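What follows is a set of notes on a single structure, which appears directly below.
Because only heavy atoms are used, hydrogens play no part in the values below, and waters and symmetry mates are left out as well, while side chains stay in. Quick caveat, the model's predicted, so the values are computed rather than measured. One-based numbering, in listed order, for ligands and for the atoms of each.
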Amino acid sequence: MKKETLCVHAGQTEETVNTPIFNSTATDYIKKPYIYPRKQNVPNQQVVIQKVAALEKAEDGLIFSSGMAAITTAILAIVRHGDHVVLQSDLYGGTHVFVHNELPKYGVTFTLVEGTRPTAFREAVRPTTRLIYIETPSNPLLKITDIRAVADLGKEKQILTAIDNTFASPINQQPATLGIDMVLHSATKYIGGHSDLSAGVLVTSRTLRDKIFPTALMLGGSLNAADCYTLERSLKTLALRVERQNDNAMKLATWLEQEKKIQHVYYPGLESHPQHVLARSQMNGFGGVLSFEIEALETRRFFSKLKMIKPAISLGGVESTICSPAETSHQKLSPEERRRVGITDSLVRLSVGVEAVEDIMDDIQQALKSI
Ligand SMILES: *Cc1c(COP(=O)(O)O)cnc(C)c1O
């Protein structure tokens, strides 16, 4: 089945069209298998896991109460004292802080590499490396990492590979088909898509899922049935939403590139993007997030002039939102760290919604005029 159909039908096991919310945390264990949220066997959890797994062409997965719960559980399940992890330096802010502050407590070392440099990962691998972790397109500069090259390196060296696939969503990119072992999502973003819940998903092989499960069970970050129900509903329109967001973002990026008050536009769909060819080879669509540089010190004033687009930290919703990464997602990084990863105070990240693109353009245009 094609992805639009999988969004609607994959994982549905009940006779009813939607999975009734299974709210009980206690079941008669003599008559029925022992159903319990932390064990990830609640029907509502399973529908969401199976839908995302089907879209990503993975065998199985786990569901979490946030993207960070999925990411931290996956990493902690894999590494042990003495191990080493290679990650790309352009990481979601929370992941960056996690590896710096938490991994050392477990005696795990790590190396951050420039993900766009083809030989960077190979050079960083050591005999103790257990995991290579990437995030593409990256937040917020939309840099592209060569997924297949990382997957091949992992296979050659027998090192597990993981990707944070949040920005692409399962509609635009299926890293498991390119050989990546673990695909992670903050489902708070595109999969949820309506800025009304927090969730995370991990999809992988059944063998690896079973290896990670005991850690997930003990760390306890599973998702409740009611939020799973909302996610099940959201997933049915994921392809529709993301395809519209891809189209809107492409039109906006092309237009913004011509605007005089905008210094630089970052969007993998643009031919001016340094990894556009690579993006085309591994993505079906370029996603709904784009970033641009606006004349220094004007971002706050620009935001205040917008009438429809709200400054908001999250992304991937049906509504267009805007933020300054230096003030939000990357605020916890030191100014030097921010400079090193190229996040200036004048950088703006736009998460494009499903509105009519003309209305998004009008709002940006009138705000630009007044600065
Ligand atoms: C938001 C986000 C996360 C963290 O997800 P939460 O649901 O907020 O815990 C991780 N990675 C990326 C790329 C994100 O955008």
Q: Return the orientation label for the Phe286 and His276 ring planes: parallel under 30°, perpendicular over 60°, tilted otherwise.
A: tilted

Q) Do Leu55 and Leu235 pass the side-chain contact (heavy atoms from CB on, under 4.5 Å) test, and can you show the C-alpha distance, the side-chain angles, and the key distance before you say yes or no? A) CA-CA 10 Å; Leu55 286 167; Leu235 273 158; 4.1 Å; yes

Q) Using 4.0 Å as the upper bound for N to carboxylate O, is an ion pair formed by Arg340 and Glu337? A) no

(Q) Could you tell me if Thr95 and Glu135 have a donor-acceptor pair between their side chains, going purely by distance under 3.5 Å? (A) no

Pairs of nitrogen or oxygen atoms, one from ligand 1 and one from the protein, closer than 3.5 Å: please tabulate them with distances.
residue	atom	partner	partner atom	Å
ligand 1	5 (O)	Ser186	OG	2.9
ligand 1	7 (O)	Gly67	N	2.9
ligand 1	7 (O)	Ser186	OG	2.8
ligand 1	7 (O)	Thr188	OG1	2.6
ligand 1	9 (O)	Gly67	N	3.0
ligand 1	9 (O)	Met68	N	2.8
ligand 1	11 (N)	Asp164	OD2	2.6
ligand 1	15 (O)	Lys189	NZ	2.7

Q: Hey, could you give me the OG1/NZ distance between Thr166 and Lys189, rounded to the nearest 0.5 Å?
A: 6.0 Å

Q: Report yes if some heavy atom in the side chain of Met308 is under 4.5 Å from a heavy atom in the side chain of Glu319; otherwise report no.
A: no

